K.L.:
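Below you will find the structure I want to go over with you.
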Amino acid sequence: MSFVNTVDMTQDAYKNHYAIGAFNTNNLEWTRCILKSAQDTNTPVILQVSMGAAKYMGGYKLVMDLVADEMESMNITVPVVMHLDHGNYEAAKECIEVGFSSVMFDGHDLPFAENLEKTKEIVKLAHAKGISVEAEVGSIGGEEDGIIGEGELASVEEAKTLADTGIDNLAAGIGNIHGKYPENWKGLHFERLQEISDAVKMPLVLHGGSGIPKDQIVKAVKMGISKVNVNTENQIAFANATRAYIESGADQIGKGYDPRKLLAPGKQAMVDVMTSRIGWFMTPSVK
């Protein structure tokens with residue numbers, strides 16, 4: 001089964017008020033867990049990789065080939081998007097060339113005029129090959145691959161201008177952050193979300209989906225969020241389950257040190273997280 005882009009997927013989610021889970025892969029285990037969660041729930045999935053994770057794994061083509069081979073090996077039948085998460089201009093162009101089915105060009109840290117022009121160029125290159133494009137306006141707070149953003153509310157005017165470039169999905173800052181949410185976090189800014197949704201009338205993306213309470217996720221989805229990114233929650237779940245396994249002494253019993261046994265609790269913890277979040281996003285089963 002080949003990769004699909006996000007166009008039909010997120011448009012349907014937008015029209016019918018649900019969202020698609022976008023889960024980051026960091027290695028082979030993450031890849032298999034993401035695919036298993038999607039197949040077990042019979043729901044479409046956006047499997048994405050950041051620039052840092054791709055470098056760690058050996059490059060964009062290796063990541064794409066790994067995902068494709070695992071899809072074949074695992075007999076995956078649900079729709080899968082191969083997506084670049086938070087790519088700069090050069091990364092987006094490379095992923096278009098190697099065969100990703102979707103790319104995010106993140107130019108939020110550039111002057112808006114430059115972000116706009118580069119987004120137009122990426123749209124032209126990607127759409128010529130049937131590849132969907134996500135762009136970002138307004139900084140998402142927290143840390144992503146060592147880049148720390150304070151977070152801001154996206155400008156409605158800039159959001160509308162960026163949407164008019166022909167992008168397929170728009171990520172906008174609405175008080176969301178990457179990484180763990182601090183105790184004094186004020187929550188999502190639903191008034192700004194509504195303003196942006198009314199202005200652009202297209203599928204919106206919620207970055208930093210890890211740690212946002214269920215009621216806020218559900219409300220945001222009903223207001224136009226059609227793609228929700230999750231990474232940190234999987235990392236924490238994996239780390240906690242692995243820690244518990246080692247602290248229990250299980251790795252010292254028999255061949256408990258075997259990586260297939262050592263990593264199994266963490267893998268199951270990630271599957272549990274993703275299965276739960278797919279329910280939160282109200283993603284319907286594939287017909």
Side-chain angles (χ1 to χ4, degrees), residues 18-50 52-54 56-57 63 66-67 69-71 73-76 78 80-83 85-86 142-145 176-183 185 206-218 221 227-283 285:
Y18 66 89
I20 307 295
F23 305 105
N24 287 61
T25 186
N26 293 284
N27 56 29
L28 181 144
E29 283 75 26
W30 255 250
T31 299
R32 290 184 63 85
C33 289
I34 294 168
L35 294 174
K36 175 176 170 54
S37 300
Q39 190 68 32
D40 286 353
T41 56
N42 193 36
T43 54
V45 68
I46 299 170
L47 193 154
Q48 57 190 29
V49 67
S50 68
Y56 171 77
M57 293 174 68
V63 173
L66 170 65
V67 176
D69 288 346
E70 286 290 4
M71 287 170 61
S73 174
M74 297 172 68
N75 296 314
I76 300 300
V78 297
V80 178
V81 176
M82 184 70 248
H83 180 71
D85 185 31
H86 286 287
E143 182 176 349
E144 181 80 5
D145 278 348
N176 44 322
I177 68 172
H178 291 120
K180 290 184 178 181
Y181 282 81
E183 292 184 4
W185 180 59
L206 181 63
H207 283 251
S210 298
I212 299 177
K214 180 180 179 180
D215 62 329
Q216 293 193 38
I217 291 282
V218 171
V221 168
K227 171 180 180 276
V228 182
N229 287 17
V230 176
N231 185 25
T232 300
E233 277 182 319
N234 278 338
Q235 293 180 343
I236 292 172
F238 180 85
N240 287 345
T242 304
R243 179 187 296 276
Y245 178 85
I246 292 173
E247 289 183 344
S248 73
D251 62 314
Q252 301 296 315
I253 300 173
K255 290 189 175 181
Y257 53 80
D258 186 316
R260 289 168 292 183
K261 295 182 178 180
L262 180 66
L263 301 179
K267 290 167 62 180
Q268 185 59 52
M270 286 195 295
V271 170
D272 292 343
V273 166
M274 288 183 281
T275 300
S276 170
R277 296 304 173 267
I278 289 167
W280 287 19
F281 306 154
M282 298 169 282
T283 316
S285 299

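The shown structure was predicted, so the numbers you read here are calculated from the model rather than taken from an experiment.
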K.L.:
Could you go through the side-chain contact (heavy atoms from CB on, under 4.5 Å) check for Val49 and Met82 one step at a time?
P.N.:
CA-CA 8 Å; Val49 67; Met82 184 70 248; 4.2 Å; yes
K.L.:
Starting at CG of Asn231, measure out to CH2 of Trp30 and round the result to the nearest 0.5 Å.
P.N.:
8.0 Å
K.L.:
Is any side-chain heavy atom of Thr275 less than 4.5 Å from a side-chain heavy atom of Thr41?
P.N.:
yes
K.L.:
Would you say that Ile217 contacts Leu206 through its side chain, given a criterion of any heavy-atom pair below 4.5 Å between the two side chains?
P.N.:
yes
K.L.:
Does some side-chain heavy atom of Ser37 sit less than 4.5 Å from a side-chain heavy atom of Val271?
P.N.:
yes
K.L.:
Output the distance between atom CG (Asn27) and atom OG1 (Thr25), rounded to the nearest 0.5 Å.
P.N.:
6.0 Å
K.L.:
Any chance you could measure Ile34, atom CD1, to Ile76, atom CD1, to the nearest 0.5 Å?
P.N.:
11.0 Å
K.L.:
Just say parallel, tilted or perpendicular for the rings of His207 and His86, cut-offs at 30° and 60°.
P.N.:
perpendicular
K.L.:
Drop me the distance from Ser73's OG to Leu35's CG, to the nearest 0.5 angstrom.
P.N.:
10.0 Å
K.L.:
Determine whether Leu263 and Tyr245 make a side-chain contact, defined as any pair of heavy atoms from C-beta on separated by less than 4.5 Å.
P.N.:
no
K.L.:
Would the number of heavy atoms belonging to other residues, nucleotides or ligands and lying under 6.0 Å from NZ of Lys267 be above 12?
P.N.:
yes
K.L.:
Between Glu70 and Arg32, does any NZ, NE, NH1 or NH2 come within less than 4.0 Å of an OD or OE carboxylate oxygen?
P.N.:
yes
K.L.:
Would a 4.5 Å heavy-atom cut-off, applied to side chains only, mark Gln48 and Asn229 as touching?
P.N.:
yes
K.L.:
Measure the shortest side-chain to side-chain distance between Ile246 and Leu262 over non-hydrogen atoms and say whether it is less than 4.5 angstrom.
P.N.:
yes
K.L.:
Show the nearest heavy-atom pair for residues Gly266 and Thr242, with the distance to one decimal.
P.N.:
CA-OG1, 4.1 Å
K.L.:
Hey, does Val45 have a side-chain heavy atom less than 4.5 Å from the side chain of Gln39?
P.N.:
no
K.L.:
Could you go step by step and tell me if Val80 and Met71 meet the side-chain contact (heavy atoms from CB on, under 4.5 Å) rule?
P.N.:
CA-CA 9 Å; Val80 178; Met71 287 170 61; 3.8 Å; yes
K.L.:
For a quick test of reading the model, state the closest non-hydrogen atom pair linking Met282 to Tyr18 and the distance between them.
P.N.:
O-CB, 3.2 Å
K.L.:
Working to the nearest 0.5 angstrom, can you tell me the gap between Thr283 OG1 and Asn42 CG?
P.N.:
11.5 Å
K.L.:
Val273 and Phe23: side-chain contact (heavy atoms from CB on, under 4.5 Å), yes or no, with the steps?
P.N.:
CA-CA 11 Å; Val273 166; Phe23 305 105; over 6 Å; no
K.L.:
May I ask you to test the Asn24-Asn234 pair for a side-chain heavy-atom distance under 4.5 Å?
P.N.:
no
K.L.:
Check step by step if side-chain contact (heavy atoms from CB on, under 4.5 Å) holds for Ile212 and Trp280.
P.N.:
CA-CA 11 Å; Ile212 299 177; Trp280 287 19; over 6 Å; no
K.L.:
Closest approach of Lys227 and Ala22, non-hydrogen atoms and distance?
P.N.:
CE-CB, 3.6 Å
K.L.:
When rounded to the nearest 0.5 angstrom, what is the spacing between CZ in Arg260 and NZ in Lys255?
P.N.:
8.5 Å
K.L.:
Please name the pair of heavy atoms, one in Ala241 and one in Pro265, separated by the smallest distance, quoted to 0.1 Å.
P.N.:
CB-O, 3.5 Å
